[in-house]
Amino acid sequence: MRVSRLMLVTLRDDPAEAEIPSHKLLLRAGYIRRMGPGLYAYLPLMWRVLQKVSKVVREEMDATGALETLLPQLHPAELWQRSGRWAGYTAGEGIMFHLQDRQGRSLGLGPTHEEVVTELAGDLLRSYRQLPVNLYQIQTKFRDEIRPRFGLMRGREFIMKDAYSFHADEECLRQSYAEMDRAYRRIFARCGLRTVAVEADSGAIGGSASQEFMVTAEAGEDLILASGDGRYAANQERAISLAAEAVALPQGRWPAGLGEALATPGQSSIDGLCKAHGFDSSQILKVLLLLARFEDGHQQPLLVSLRGDQQLNDVKLANAVSARCSAAHGALLEIAPLSAEASSKEGLGPIPFGYLGPQLEDGLLDGARTWARTFLRLADSSATGLEAFVCGANRIDTHLVGAAWGSLCPSPEGLDLRAAQPGDRCQHDPSQRLEASRGIEVGHIFQLGRKYSEALGARFTNGTGAEEALWMGCYGIGVSRLAQAAVEQLHDGKGICWPPSIAPYEVIVVVANGAEASQRELGELLYSQLQASGVEVLLDDRDERAGVKFKDADLIGIPWRVVVGRAAAAGLVELVERCSGHQQELAATALMETLLPSLERGRQGLAP
RNA sequence: CGGGGCGUGGCGCAGCUUGGUAGCGCGGGUGCUUUGGGAGCACUAGGUCGCAGGUUCGAAUCCUGUCGCCCCGACCA
């Protein structure tokens, strides 16, 4: 391709809309253009990159025996109603774009395809003899993100490879899951990315085991916690660790574990309380009052106890609440702090915020108009493990010192609700500590189990002639996000440094001075030779000064640059590798034999 | 939705406090010069100052409303 015909528009200044390096570079180098919040046009260079990534994904998926397909993007609401996800995905903070057709039927624009593919599988897969099957597609997904960000990183329309596997039993699912794990590692390695696999929460998709693949980068939206020995890595929303030892309360249980009242005027924060009385924050019992809202309208007040030095992990809490309530009330839509305004609207008396204790009685909720009238009481095991503690007296300006579970009030079951923090000791080896790094999630694999197949009635006949629900796994890769993540990980002050396997072109031939016939002619010759050898090559034939062409070549990040310049008359050209900056002068006649082997290695996704 | 900020030629910005009818850099076009790291000179095209009201002799500038976008939090490939 000739650069003069490429519709290449590069920007000298950083666009105001971009914040992180990869977003700025993709805009500046003419790869993408924004059409609206979270909506981007993939310009010709970008589209080539996306096709390269897709090609790698396709080859590795095909190699595992997975079948490529293409499913509809408009999904009948009825399918999502049957799986129980319609309300959660469309109401409130839901992320599914939805609409009605001319007949008034509700449709959703596919944010993910479990429902559609499960319906299909239930229709087609009738016998264990047909299993296992793994179906995948590479397609645009739509999600009405609360806040689209960072260009292709979090768009409202993005390209995703999603795969869904179907099995006759759980063991077979585990095998496919492991196989996808291996395929994913190959895919990311071939795309030239440094990734780390971490344990993850399975979130709205549901299911049991799940693992995310993170591209490590400063601008990543996820916090990764990993042990130094490399044996444990998890997303912070999922990470487990050992809490630091609590400092024992010197006076212990007092009196008889009921706690002695202590005047604590204005000391409504843990910090204030510790400063005023010399407590350690691990001696305090922190009690949070929250309200969970469910699909069926049920509103459940939550009373959550944590040790004072610990932070609540919202994801773990949501999982614990769902596990206890979703069977009766449908999907958990939201958990929010219970505010004073909300409680007075509810017709309740004043709540002593800042002075709450776990002994808070359900009687407080007696007059509630719409809320459940008993608290769902949950506690982190760091809190239930305290022998004696300081907690609020449920009276303004008063705390109790020396209170204990069992005496003050019954101890709730100890759960894991705390957020693991960098520096925490690891569970697998207490001598190891968690270290933090940031990552961009580019892949996620789940063992779904039978959640969707049961909901949608996707059943098969097993070897004994009995019908049962299909076992399922699902496996996603953010193709467009991966492409930008590559830029985020691989760029320098001059521009993008594409890994050869996913670069839009492999080589750019730069004619330094197009006014010189010898340069022009040699450039054309090399260009046609490279094309004839099947090389993806650009010829910068623009009527620009050499400096402009060099700057652009660096910016758009083509892995190899062949400069046809002053020495062209003597039959010499310069070969420059973009990522290392390494350059060598060689005879034009020796170019092909020097370059082609390196290109071949690049195509395999190996180091050049 | 809550909190912050910004809307001025294609892009990046100044002008606004203290009203007088719009300017700079980049980019575009033409010509000459230049020709190995975002060239120089000259000429040139291109703007309902987000939109709607209001105040005023006069509004990019002041007031009110409204719309849009960006950034920080809840979402995820």
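Scope of the values below: all heavy atoms of this structure, side chains included, with no hydrogens, waters or symmetry mates. So that the names make sense, note that chain A is the first sequence line, chain B the second, and so on, each numbered from 1.
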[X] [atom1] - [N] [atom2] separation (whole Å):
X	N	atom1	atom2	value
A/R154	B/G73	CZ	C1'	12 Å
A/D222	B/A74	CG	P	11 Å
A/E114	B/C76	CD	P	12 Å
A/R143	B/A74	CZ	P	17 Å
A/M160	B/A77	CE	C1'	5 Å
A/D552	B/G36	CG	C1'	15 Å
A/D543	B/G28	CG	P	11 Å
A/R28	B/G27	CZ	P	13 Å

Give one of base, sugar-phosphate or nothing for [X], where a contact means two heavy atoms less than 4.0 Å apart.
X	value
A/G155	base
A/G443	sugar-phosphate
A/L555	base
A/S480	nothing
A/D554	base
A/P111	nothing
A/V510	nothing
A/R156	nothing
A/E516	nothing
A/E574	base

When you check the phosphate oxygens OP1 and OP2 of [N], does a side-chain N or O of [X] lie under 4.0 Å from one of them?
X	N	value
A/R566	B/U35	no
A/R293	B/A74	no
A/R147	B/C72	yes

Identified pairing partner of [N], criterion: Watson-Crick or G-U wobble below 3.5 Å:
N	result
B/C43	B/G29
B/U55	none
B/G73	B/C1
B/G68	B/C6

What integer number of Å spans the [atom1] atoms of [N] and [M]?
N	M	atom1	answer
B/G40	B/C26	C1'	16 Å
B/A14	B/G50	P	14 Å
B/C24	B/U44	P	13 Å
B/G10	B/G28	P	15 Å
B/G54	B/G4	P	30 Å
B/G53	B/U61	P	14 Å
B/G3	B/C16	P	29 Å
B/A74	B/C67	P	26 Å

Side-chain contact, heavy-atom cut-off 4.5 Å: [X] with [Y]?
X	Y	answer
A/L526	A/V564	yes
A/E488	A/P21	yes
A/D222	A/I440	no
A/V196	A/F213	no

| field | Ring-face cation contact, A/Y40 with A/R33, 6.0 Å cut, 45° max | value |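 Judged by the rule, A/R33 and A/Y40 form no cation-pi pair.
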| task | Select from A/H23 and A/R481 the residue whose nearest nucleotide in RNA chain B is closer to the 5' end of that strand. | result |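 The residue whose closest nucleotide sits nearer the 5' end is A/H23.
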| field | salt bridge (charged side-chain N to carboxylate O under 4.0 Å, His left out) between A/K141 and A/E157, worked out | value | CA-CA 6 Å; A/K141 292 279 187 279; A/E157 197 187 295; over 6 Å; no
Every protein N/O lying under 3.5 Å from an N/O of nucleotides 4-13 of chain B:
{"residue": "B/G12", "atom": "OP1", "partner": "A/A16", "partner atom": "N", "Å": "3.3"}

| task | Please name the pair of heavy atoms, one in A/G192 and one in A/P499, separated by the smallest distance, quoted to 0.1 Å. | result |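 Closest approach of A/G192 to A/P499: CA-CB, 4.0 Å.
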| message | Of the listed nucleotides (B/A77, B/C70, B/U35), which one gets closest to any side-chain atom of A/A515? | response |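 Among B/A77, B/C70, B/U35, the one nearest the side chain of A/A515 is B/U35.
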| request: With the side chain of A/P37 defined as its heavy atoms from C-beta on, choose the nearest nucleotide among B/C76, B/C69, B/G36. | output: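 Within the option list, the nearest is B/C69.
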| Which residues pass the side-chain contact (heavy atoms from CB on, under 4.5 Å) test with A/R149, sequence neighbours left out? |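 By the side-chain contact (heavy atoms from CB on, under 4.5 Å) rule, A/R149 matches A/R147, A/R154, A/E221.
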Dump the pairs, protein N or O against N or O of nucleotides 39-42 of chain B, anything under 3.5 Å, distances to one decimal.
none

| Is A/F550 stacked on the base of B/G36 when the test is centres under 5.5 angstrom and planes under 30 degrees? |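 It does not: the ring fails the test against the base of B/G36.
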| Under the salt bridge (charged side-chain N to carboxylate O under 4.0 Å, His left out) test, which residues partner A/D380, sequence neighbours left out? |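 Listed in chain order: nothing, the list is empty.
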| task | Can you sort out the partners of A/K551 under salt bridge (charged side-chain N to carboxylate O under 4.0 Å, His left out), two or more places apart, ordered by chain and number? | result | none
| Can you list every side chain to side chain donor-acceptor pair (under 3.5 Å) pair that touches residues 477-486 of chain A, not counting sequence neighbours? | A/S22-A/Q484
| Presence of donor-acceptor pair under 3.5 Å, side chain of A/R561 and base of B/G36 |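 No, the side chain and the base share no sub-3.5 Å donor-acceptor pair.
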| message | Please evaluate residues A/Y452 and A/H113 with respect to the criterion ring-ring contact (aromatic ring centres under 6.0 Å, His included), reporting the C-alpha separation (whole Å), side-chain torsions for both, the decisive distance (0.1 Å), and the verdict. | response | CA-CA 11 Å; A/Y452 294 93; A/H113 279 71; over 10 Å; no
| query | Yes or no on ring-ring contact (aromatic ring centres under 6.0 Å, His included) for A/W498 and A/Y31, after CA distance, side-chain angles and deciding distance? | reply | CA-CA 13 Å; A/W498 287 114; A/Y31 280 83; 5.6 Å; yes
